[in-house]
Q: 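Structure below; questions to follow.
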Amino acid sequence: MTAISSAVRSLGGDFPAEAFGRTYRLWSRVGDFSDLFTWDDLNQIIARHRLEPPRLRLFNDGSQIPHHSYAHPVVSKRHTVWHRIEPAGLHHQLKDGASLVLDAVDALHPGAEDLATALERHFRTDVQVNLYASWTPQEGFGVHWDDHDVVVVQLEGAKRWKLYGATRIDPLRVDTEAPEPPTGAPVAEIVLQAGDMLYLPRGWWHAVAATEGRSLHLTCGLKPTTGADLLSWLSDQLRVSDTVRANLPYFASPDERTTYLQALRKEFTDALHEGVIEEFINARGSADPGRPIPSLPFVDGIPADGSLCVRLTAAGAWYGVDEDGHVVFSAGGQEWTFSSPVLAVIKLLLAGSTATLGELSVSSGLPVGHVAALISELVEAGAAAVSWRR
C-alpha cells in the first residue's frame, strides 16, 4: 500500500462521523512520505517556475518578509517583469528563522497532485496543497486560524503544533464577524514526526514551529461545503418556479404579501427534501472540471491503441444506474447514458486508477475500438486524459 493510500485509509473508518469538522486527530507513522515531495523537488520548482508572491512567500515571527529581500526583478525581451528568486538571499532569510510557504504545490508537482486528487475523491470537495519548510524553532505565522479544514502530512523533520481550539464555530472567509483570539493555554501540544498525519477543523487556532533542525510538511486545505452553499444552489434550481421568479409584492396588500410568502416557503420546504444533500453534492461534483489535462497529440479522437493510458481528471464524477439498467455517468459538466458493460470501465476510472485501453477492454468485454470511442467523448468534455505513459 502506498503512503497516499495509507493516508486516505486513515481518514476513513470512524473518522468522518466522530472527528471530521469536530475535533483534531493525530495519526502516527501513517506511511513513508519521504519520496512524496523532496528537497530536490523544491529546489527544481523554485529554479524553474516564476513564483510571484503570494505563490511563494517567507514569514518570520508572524510578519511577511518583503519579496525584494530574496528576489530581484527581471525584464524579459517582451517587456514583461517577473521576480527571480536569489538563492543567496533566500538562504540568508531561511537561516535567520524565516519559514517558506509555497501555495498550490499540487499544480507544480505530480506527487502532491496525486495526494490532492486522492483527498478530493475521498472528501468530495476541492483540495489545495501548500508546502511549508523551516529550519529553526522560530514560529513563522504566530497563532492563527484557517477558513478550511486541513490534513497535514509531515515529510521530514518534526513540527510542534500548539492547538487552541475554535473561538467561533465554523468561521468562514466571508463572515459576519471574525473569531476572537484564544486566551489561556493550548488545549493540546503535539509533535508531528516524519510519517505522521494531523487533521485540524477550520477555525481551530494553532501555532507551528520546527522542534529542532529542518522541517518539511504539506498542508492539504479542504474547501468547506456549507449550508450557505446548499441554499445558494437551491436558489438557482428554484428559478424554474413561477413563484421564485415573480417580483416581490412590496406594493401589494398585507394579505397578498402573506399569500406570496406562504407559497415561497412551500417551494423551499419542498426543495429541502430528504435526499437533497446527496443531490447537491452529485450536481456540484458533476459540474466540477477537476484537474483537466490535454491529451496531445490526440486532437481528433483517441485511436484504438490498447497501450494508451487513461485516467479520469474530474474527481467529482459520479454514476447511477437507471431503471432500464443503463449507466448514467456525469463528469465535467456533461452527462452520458451508456450500456451496462461500460459500468466496469466507469468503476475502474472512478477508483482513481490509470488504466490502458486494453485493460479497460478486458474488464468490460468491449472491443478496444468501442472503449476508445467512449474515452474520446470523455476527453472531449475535459473529464479524462490520455497519455503514452502511466
Side-chain angles (χ1 to χ4, degrees), residues 11 15-26 53-55 57-65 99 101 103-104 119-120 123-130 132 138-152 159-190 198-209 217-239 244 248 250 261 264-265 267-269 271-272 276-277 280-281 283-284 288:
L11 295 164
F15 168 77
E18 295 185 1
F20 185 60
R22 295 175 173 83
T23 187
Y24 80 95
R25 181 166 288 188
L26 171 67
R55 187 69 178 275
R57 57 199 188 278
L58 304 184
F59 283 86
N60 197 334
D61 197 23
S63 298
Q64 185 167 339
I65 296 172
S99 292
V101 185
D103 279 358
L119 294 178
E120 285 173 339
F123 287 107
R124 303 179 74 179
T125 192
D126 292 337
V127 174
Q128 176 177 307
V129 181
N130 294 348
Y132 295 81
Q138 179 74 26
E139 290 182 358
F141 306 95
V143 182
H144 64 284
W145 62 277
D146 296 313
D147 62 4
H148 48 265
D149 295 19
V150 297
V151 174
V152 181
K159 258 315 179 38
R160 184 179 303 278
W161 289 69
K162 295 179 181 179
L163 309 181
Y164 294 86
T167 57
R168 175 173 170 77
I169 297 174
D170 295 330
L172 297 170
R173 183 176 60 86
V174 179
D175 208 335
T176 56
E177 61 183 78
E180 292 291 332
T183 58
V187 298
E189 189 168 344
I190 61 178
L198 171 70
Y199 165 76
L200 203 62
R202 64 183 157 110
W204 273 56
W205 292 82
H206 54 281
V208 188
H217 79 261
L218 298 175
T219 293
C220 309
L222 314 180
K223 181 180 179 181
T225 303
T226 68
D229 296 323
L230 173 62
L231 292 178
S232 178
W233 175 76
L234 272 181
S235 68
D236 287 335
Q237 299 301 109
L238 287 173
R239 293 179 193 275
V244 173
L248 286 176
Y250 49 86
L261 289 176
L264 193 63
R265 186 179 299 114
E267 294 277 4
F268 267 93
T269 300
L272 291 170
V276 70
I277 292 179
F280 165 56
I281 296 298
R284 187 185 63 173
D288 187 350

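Heavy atoms only: backbone and side chains are in, while hydrogens, waters and symmetry mates are out.
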Q: Which atom pair, heavy atoms only, marks the closest approach of Pro186 to Glu189?
A: CG-OE1, 4.4 Å
Q: Residues in side chain to side chain contact (heavy atoms under 4.5 Å, CB included) with Glu18, at least two apart?
A: Asp14, Arg25
Q: Taking Arg284 for the side chain and Thr125 for the main chain, is one N or O donor matched with an acceptor at less than 3.5 Å?
A: no
Q: Which distance, rounded to the nearest 0.5 Å, do you find between the OH of Tyr132 and the CZ of Phe141?
A: 5.5 Å
Q: Evaluate Leu163 against His206 for side-chain contact (heavy atoms from CB on, under 4.5 Å), listing each step before the verdict.
A: CA-CA 5 Å; Leu163 309 181; His206 54 281; 3.9 Å; yes
Q: Is a side-chain donor-acceptor pair under 3.5 Å present for Arg124 with Thr225?
A: no
Q: Look up atom NZ in Lys162 and atom CD1 in Ile190, then write down how far apart they are to the nearest 0.5 Å.
A: 13.0 Å
Q: Ignoring hydrogens and angles, tell me if any N or O in the side chain of Tyr199 forms a donor-acceptor pair with the backbone of Thr23 under 3.5 Å.
A: no
Q: I'd like to check Leu234 versus Val276 (side-chain heavy atoms, cut-off strictly below 4.5 Å). Are they in contact?
A: yes
Q: With sequence neighbours left out, write down each residue that passes side-chain hydrogen bond (donor to acceptor under 3.5 Å, both in side chains) with Glu267, or none if nothing qualifies.
A: Ser241
Q: For the backbone of Thr226 and the side chain of Asp229, can you confirm whether one donor and one acceptor N or O come within less than 3.5 Å of each other?
A: yes
Q: Assess the side chains of Gln128 and Asn130: does a donor N or O sit below 3.5 Å from an acceptor N or O?
A: yes
Q: Would you find a donor on one side and an acceptor on the other, under 3.5 Å apart, between the side chain of Arg22 and the backbone of Ala17?
A: yes
Q: Are any of the side-chain heavy atoms of Asp126 and Asp288 separated by less than 4.5 Å?
A: yes
Q: Short question: side chain of Arg202, backbone of Asp146 - any donor-acceptor pair under 3.5 Å?
A: no
Q: Are Phe123 and Asp149 close enough that some pair of their side-chain heavy atoms sits under 4.5 Å apart?
A: no
Q: Go through Leu172 and Asp170 one step at a time and tell me if the side-chain contact (heavy atoms from CB on, under 4.5 Å) criterion holds.
A: CA-CA 7 Å; Leu172 297 170; Asp170 295 330; over 6 Å; no
Q: Assess the residue pair Leu26 and Trp161 against the criterion (side-chain contact (heavy atoms from CB on, under 4.5 Å)); give the C-alpha distance rounded to whole Å, side-chain angles, the decisive distance to 0.1 Å, and a yes or no.
A: CA-CA 11 Å; Leu26 171 67; Trp161 289 69; over 6 Å; no
Q: Going by heavy atoms in the side chains, are Cys220 and Val129 under 4.5 Å from each other?
A: yes
Q: Under the ring-ring contact (aromatic ring centres under 6.0 Å, His included) test, which residues partner Tyr164, sequence neighbours left out?
A: none
Q: Rounded to the nearest 0.5 Å, what separates atom CZ in Arg168 from atom CH2 in Trp145?
A: 8.5 Å
Q: Please name the pair of heavy atoms, one in Pro171 and one in Pro179, separated by the smallest distance, quoted to 0.1 Å.
A: CB-CG, 3.8 Å
Q: Nearest 0.5 Å please: distance from the CD1 atom of Ile277 over to the CG atom of Leu272.
A: 9.0 Å
Q: At what distance, to the nearest 0.5 angstrom, does CZ of Phe59 lie from CD of Gln138?
A: 13.5 Å
Q: Contact between His148 and Leu222 at the side-chain level, heavy atoms closer than 4.5 Å - yes or no?
A: no
Q: Rounded to the nearest 0.5 Å, what separates atom CG in Leu231 from atom CG in Asp236?
A: 11.5 Å
